[in-house]
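Numbering of ligands and ligand atoms starts at 1, following listing order. Just so it is clear, the structure is predicted and the values come from calculations on it, not from any experiment. Below, each value reflects all heavy atoms present in this structure, side chains not excepted, and no hydrogens, waters or symmetry copies.
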Amino acid sequence: MSDDEIILSELSDDELVQQMHDDLYDGLKEEIEEGTHILLERGWEPYKVLTEALVEGMRIVGEDFRDGILFVPEVLLSANAMKAGMAILRPLLAATNAPKQGKLVIGTVKGDIHDIGKNLVGMMMEGAGFDVVDLGINNPVENYLAAIEEHQPDIIGMSALLTTTMPYMKVVIDTMKEKGIRDDFVVLVGGAPLNEEFGKAVGADAYCRDAAVAVETAKEFMKRRHNVRA
Ligand code: B1M
């Protein structure tokens, strides 16, 4: 151990969160895992660890990626570190006694390989009592249609992080319309470059700003569906 090595467990909560932002920036997977465990042991709620230590750290990475200070290989390491922290939180977020809500099929659209936000939405939805079928990344419309057929979900969720891939959501929704099945499902969309207006323009039922909004929106739509059926 070098003299200047930082002992994470000796830091205060604020210092540790700050250090985790730095470690995420530097793509240090093991440190992120350790920091996540320490915050949980100190009694932090998994959601607080997720938002304040991990998501906030990734926001900083995103700014420097945008400004050309960080490049793809470095951001990939950050993403790996983030995923390692998320893997620790996942069972904790999913382990609620929430009543069963319904089924969600979710995937990142064709041409797009960003999956952290989608994974986060999936985790939070599981925690809220939804069964989640995750289609992964780079999904052509055929994948959504096949999953609809196989899993008979209540909700279709689509994620896109690129301005070049977000229009593909309309391709999926238009194909559902052509097949006469659009109104059988709730369609929710999300991803950093989207907004409310875009969600309306592509014909989604709602745009979800973040994972917490996705959960609330999904629950609201399930309530409406149950009322209509009743
Ligand atoms: Co990329 N990337 N990236 N990237 N990347 C962005 C998106 C970018 C904004 C960075 C920047 O310039 N500031 C920019 C897009 C610019 C644009 O389109 N105008 C960009 C670019 C340009 C690229 C490449 C083209 C770079 C290149 O190759 N030159 C390339 C494209 C690859 C491809 O997809 N074909 C690329 C690649 C990558 C990596 C592979 C290195 C890596 C992805 C790793 C991975 O996901 N496994 C990566 C990353 C990590 C990012 C940033 C830095 C972070 C994204 C992220 O994970 N955020 C991102 C910068 C940014 O977004 N500001 C950037 C954290 C996550 C929790 O937030 O995904 O927004 P987010 O999810 C939120 C909400 O949006 C919402 O809830 C989530 C949780 O609260 N939400 C949903 C998301 N999906 C939802 C679905 C729903 C509901 C809500 O359904 C119901």
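The Val121 neighbourhood of ligand 1 comprises atoms 77 (O), 82 (C), 85 (C), 88 (C), 89 (C), with distances under 4.0 Å to a heavy atom of that residue. For ligand 1, the atoms closer than 4.0 angstrom to any heavy atom of Leu162 are 15 (C), 18 (O), 20 (C), 21 (C), 23 (C), 31 (C), 33 (C), 34 (O), 35 (N). Contact atoms of ligand 1 toward Asp112: 34 (O) (distance under 4.0 Å to a heavy atom of the residue). Of all the atoms in ligand 1, the ones that sit under 4.0 Å from a non-hydrogen atom of Leu120 are 67 (C). Each of the following atoms of ligand 1 lies closer than 4.0 Å to a heavy atom of Val72: 26 (C), 27 (C), 28 (O), 41 (C). Close contacts between ligand 1 and Leu188 involve ligand atoms 90 (O), 91 (C) [criterion: under 4.0 Å to a heavy atom].
Counting heavy atoms only, Ala79 comes closest to atom 44 (C) of ligand 1 of the residues Cys208, Ala79, Ser78. Residue His114 holds the heavy atom nearest to atom 36 (C) of ligand 1 of all those in His114, Met86, Met82, Lys110. Closest heavy-atom approach to atom 87 (C) of ligand 1 among the candidates Ala204, Gly190, Gly122: Gly190. Comparing Ile113, Val75, Ile60 by heavy-atom distance to atom 34 (O) of ligand 1, the nearest is Ile113. The heavy atom nearest to atom 55 (C) of ligand 1, considering only Val61, Leu161, Ile156, is found in Leu161.
In terms of N/O distances under 3.5 Å, ligand 1 is not approached by Val55. Some N or O of Asp115 is nearer than 3.5 Å to an N or O of ligand 1, by distance alone. Between Asp210 and ligand 1, a contact under 3.5 Å exists for no N or O pair.
Val121 and Ile156 sit in two unconnected hydrophobic clusters of ILVMFWY residues. Membership requires side-chain heavy atoms under 4.5 Å apart, directly or through other members.
Remark: Lys200 does not engage Glu196 in a salt bridge, criterion side-chain N to carboxylate O under 4.0 Å.
The closest approach between any non-hydrogen atom of Lys83 and ligand 1 is below 4.0 Å. By the 4.0 Å heavy-atom criterion, Arg59 is excluded from the residues contacting ligand 1. At least one heavy atom of Ala211 sits closer than 4.0 Å to an atom of ligand 1.
A donor atom on one side chain and an acceptor atom on the other are found under 3.5 Å apart for Tyr25 and Asp64.
Between His37 atom NE2 and Leu89 atom CG the span is 9.0 Å, to the nearest 0.5 Å.
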